[in-house]
Amino acid sequence: MPDIIQLLPDSVANQIAAGEVIQRPASAVKELLENAIDAGSQKIQVIIKDAGKTLIQVIDDGCGMSETDARMSFERHATSKIRTAAELFSIKTKGFRGEALASIAAIAHVELKSRLRERETGTRIIMEGSEIISQEPCSTPCGTSFAIKNLFYNVPARRNFLKSESVEMRHIIEEFERVSLAHPDVAFSLHHNKNELFNLPTATLRQRIVNMFGSKYNQKLVPLEEKTHIVSVNGFIGKPEYARKSRGEQYFFVNNRFIKSAYLNHSVSSAFDHLLARGNHPSYYIFLDVDPETIDINIHPTKTEIKFRDEKAIYAIVNSAVKKSLGQYNITPSIDFEQENSMNIAPLPKGGTIKAPGIKVNYDYNPFEQEKKPSGRSESMRGNKGQSSQHWEDLYKISRQSDEEKSEKQEIFRKDENELESKDINRVVFQLHRRYIMTHIKSGIIFIDQQRAHERILYEKAMQSLDKNRGHSQQQLFPQTVELSTPDYELLKDLKEDLYQLGFDLENFGHNCIVINGIPAEAVNGNIKKIIEDFIEQYKFSVNNLKLSHSENMARSIARSICIKTGKVLQAEEMMDLADRLFACEMPYYAPNGKPTIVTFSLEELNEKFENK
Ligand code: ADP
Ligand code: MG
């Protein structure tokens, strides 16, 4: 049998390659835009006719090409961007495969005009089906213009496969948006059949997003920023209330290249957990900067999928960066924060004098004690307290189990939790400035903000109680009466049922007075009147200023009113207990108002500080 294998002629090989790279007009737009970016352009114009079937033209003011390079650019595997295989792993340009122009030229009529900046004349090349029809000198502005005419003229199957004009145009706009979002420092315009669809001046990222999607976007955006040695995260996320049913604006850029990643999308979406209505999708414009050596872009001809070396870490970092921004956004208009360290001083009544306060301190007081060993005043109460303690232990167990199930998502939390040398005699805790709990973990030290930590714990507990319709009330031996203003009285009356679920057993006494028969076990040793007043204050503030659900308002307010405050001296055991309970929370890293509860210093960070001095 004779030898039958033959090399395909270039024109055929290019057509096959084109099938992978150029699937539709939008793919050609993408490749030409990327080439213009790689050429260092400041201004890029895109002109489209008939959704790309008749004309796709991209004009840039970049570096331009010499006569020889202009011819070479259409050869397959001809690129100025890499020279060795090793460089495949340090790619900083959009292109590197040297395939796009060869592919486009194989399936279209192409006119290229290009001029190097330092030359007076440029060069003009006409191509048809991979063949150079002509090359001649021409006068043209510096930079490059590619005009792609009659795309797929020689591949009728593909041409017939194209969707309607509006669908193809949508794809073109999508590619245009991806590239121009990634490069706000470059001006872009897009024309279709003589209509100007976009005209984007150079701008900041925020301005670019607003110019592209509309002025309403300005108020929707929350900045995102996180720097680690693996990745820098930058960009914006859309506020939860603007989330939509359609998966609209979800953009990941890695080293300014748009990529698709279901995995990272999951990381962002899960950070939005509970903040979005069912079926709504968050919008985001997230830029990841990584060392090019830690990614592989060469896994797909269109370069929209990449492999990260530290995929899991990046997942966790993106997730926590988004959570952090969401948290910061939540508190922006909040009184929560100012209240934290300020004292509430009531105005002096007329004719009143100031008396030095008499303070009674119970040095044996342990706010956690009631959960562990009831100091009960009656048998029935003891039972009640026992139940509460059991509840907490259960919660702890459940949390640990479900943590394991939640696997990756919670990995970063679990790590710290496991690192806490739990219940170990060697575990040392300090209280600093009556505000922070300091303890060591295997890889460094950790600071916990006592008030925020307790708020987080109480908040999650309250959300659960509201969910399950049951709270744990601690009956008062001597019910107290609190007198309120009329509006506050009315408010509490309205909230009575919910408050009951949270452990407050209130009775209307009339004349703006309420009787407090029971309070949450956690609040047993606090000043009841103050707790009620704080609750009302915080609730009113939340309702007016934060767009939260009713139960969240309740949970936040209750947590805020009964939590251990900054300034309270804590015993070692209480601190350890607080830390353990914090790590049993679903989201231990942030207080309900989004402020961090925990700050860690790794040994590396400490060492670095000592080295640098
Ligand atoms: P790649 O971008 O992967 O290198 P292409 O086929 O897209 O491959 O382009 C081939 C080469 O042509 C590029 O490496 C570059 O040197 C040159 N080139 C293409 N477009 C432009 C442009 N707009 N301005 C300057 N040079 C260009
Ligand atoms: Mg290219």
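Just follow the structure's listing: the first ligand is 1, and inside any ligand the first atom is 1. Along the sequence shown, the residues carry numbers beginning at 1. Since this is a predicted model, take the numbers as computed values, not measurements.
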Positive for side-chain contact (heavy atoms from CB on, under 4.5 Å) with Tyr217, one of Met212, Arg206, Glu249: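 Per the side-chain contact (heavy atoms from CB on, under 4.5 Å) rule, the option paired with Tyr217 is Glu249, out of Met212, Arg206, Glu249.
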Would you mind checking which non-hydrogen protein atom is closest to [atom], with the distance to 0.1 Å?
atom	result
atom 12 (O) of ligand 1	Ser73 CB, 3.2 Å
atom 6 (O) of ligand 1	Leu101 N, 2.9 Å
atom 4 (O) of ligand 1	Thr79 OG1, 2.5 Å
atom 27 (C) of ligand 1	Met65 CE, 3.6 Å
atom 8 (O) of ligand 1	Gly98 CA, 3.2 Å
atom 2 (O) of ligand 1	Lys81 NZ, 2.7 Å

Quick test of your reading of the structure: of Ala102, Ala78, Ser66, Ser114, whose heavy atom lies closest to atom 10 (C) of ligand 1?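 Minimum heavy-atom distance to atom 10 (C) of ligand 1 goes to Ala78.
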Evaluating non-hydrogen atoms only, which member of Asn35, Ile104, Asp60 is closest to atom 19 (C) of ligand 1?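 Going through Asn35, Ile104, Asp60 one by one, Asn35 has the nearest heavy atom to atom 19 (C) of ligand 1.
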Residue of the set Lys113, Gln57, Arg124 for which side-chain hydrogen bond (donor to acceptor under 3.5 Å, both in side chains) holds with Ser145: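 Testing Ser145 for a side-chain hydrogen bond (donor to acceptor under 3.5 Å, both in side chains) against Lys113, Gln57, Arg124 leaves exactly one candidate, Gln57.
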Is there a donor-acceptor contact under 3.5 Å from the side chain of Asn255 to the main chain of Val290?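 Side chain of Asn255 to backbone of Val290, a donor-acceptor pair under 3.5 Å: yes, one is there.
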Report the part of [X] (side chain from C-beta onward, or backbone N, CA, C, O) that has a heavy atom under 4.0 Å from ligand 1; answer both or neither where that applies.
X	answer
Ala39	side chain
Thr144	side chain
Arg97	backbone
Phe146	side chain

Contact (N/O only, under 3.5 Å) between Ser80 and ligand 1: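 Such a contact does occur with ligand 1.
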For ligand 1, is there an N or O atom under 3.5 Å from any N or O atom of Glu31?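 No.
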Please determine, by modelled atom types, if [X] and [Y] share a side-chain donor-acceptor pair under 3.5 angstrom.
X	Y	value
Ser270	Asn319	yes
Thr123	Gln135	yes
Glu87	Ser90	no

Check if Gly62 has a non-hydrogen atom at a distance under 4.0 Å from any atom of ligand 1.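 The answer is no, since Gly62 has no heavy atom less than 4.0 Å from ligand 1.
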May I ask you to check whether over 12 heavy atoms, not counting those of Glu174, lie within 6.0 Å of atom CD?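 Atom CD in Glu174 is crowded, with more than 12 foreign heavy atoms closer than 6.0 Å.
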Would you say Asn35 has an N, O or S atom lying under 2.8 Å from the Mg ion (ligand 2)?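 For Asn35, the answer is yes, given that an N, O or S atom comes within less than 2.8 Å of the Mg ion (ligand 2).
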Can you name the atoms of ligand 1, numbered from 1 with element, that are less than 4.0 Å from a heavy atom of Phe96?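 In order of number, 1 (P), 3 (O).
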Could you list which atoms of ligand 1 come closer than 4.0 Å to a heavy atom of Gly95?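 Taking each heavy atom of Gly95 in turn, ligand 1 has 2 (O), 3 (O) under 4.0 Å.
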Indicate, with yes or no, if the rings of Tyr285 and Tyr251 have centres closer together than 6.0 Å.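 Yes, the ring of Tyr285 comes within the 6.0 Å limit of the ring of Tyr251, centre to centre.
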Take the angle between the ring planes of Tyr153 and His109 and call it parallel below 30°, perpendicular above 60°, tilted in between.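 Correct class here is tilted.
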Evaluate the criterion salt bridge (Lys or Arg N to Asp or Glu O under 4.0 Å) for residue pair Glu168 and Lys163; output intermediate values, then yes/no. CA-CA 6 Å; Glu168 293 304 331; Lys163 299 264 168 22; over 6 Å; no
Intermediate values then yes/no, ring pair (Phe, Tyr, Trp, His ring centres under 6.0 Å), Phe253 and Phe287: CA-CA 5 Å; Phe253 300 94; Phe287 288 72; 4.5 Å; yes
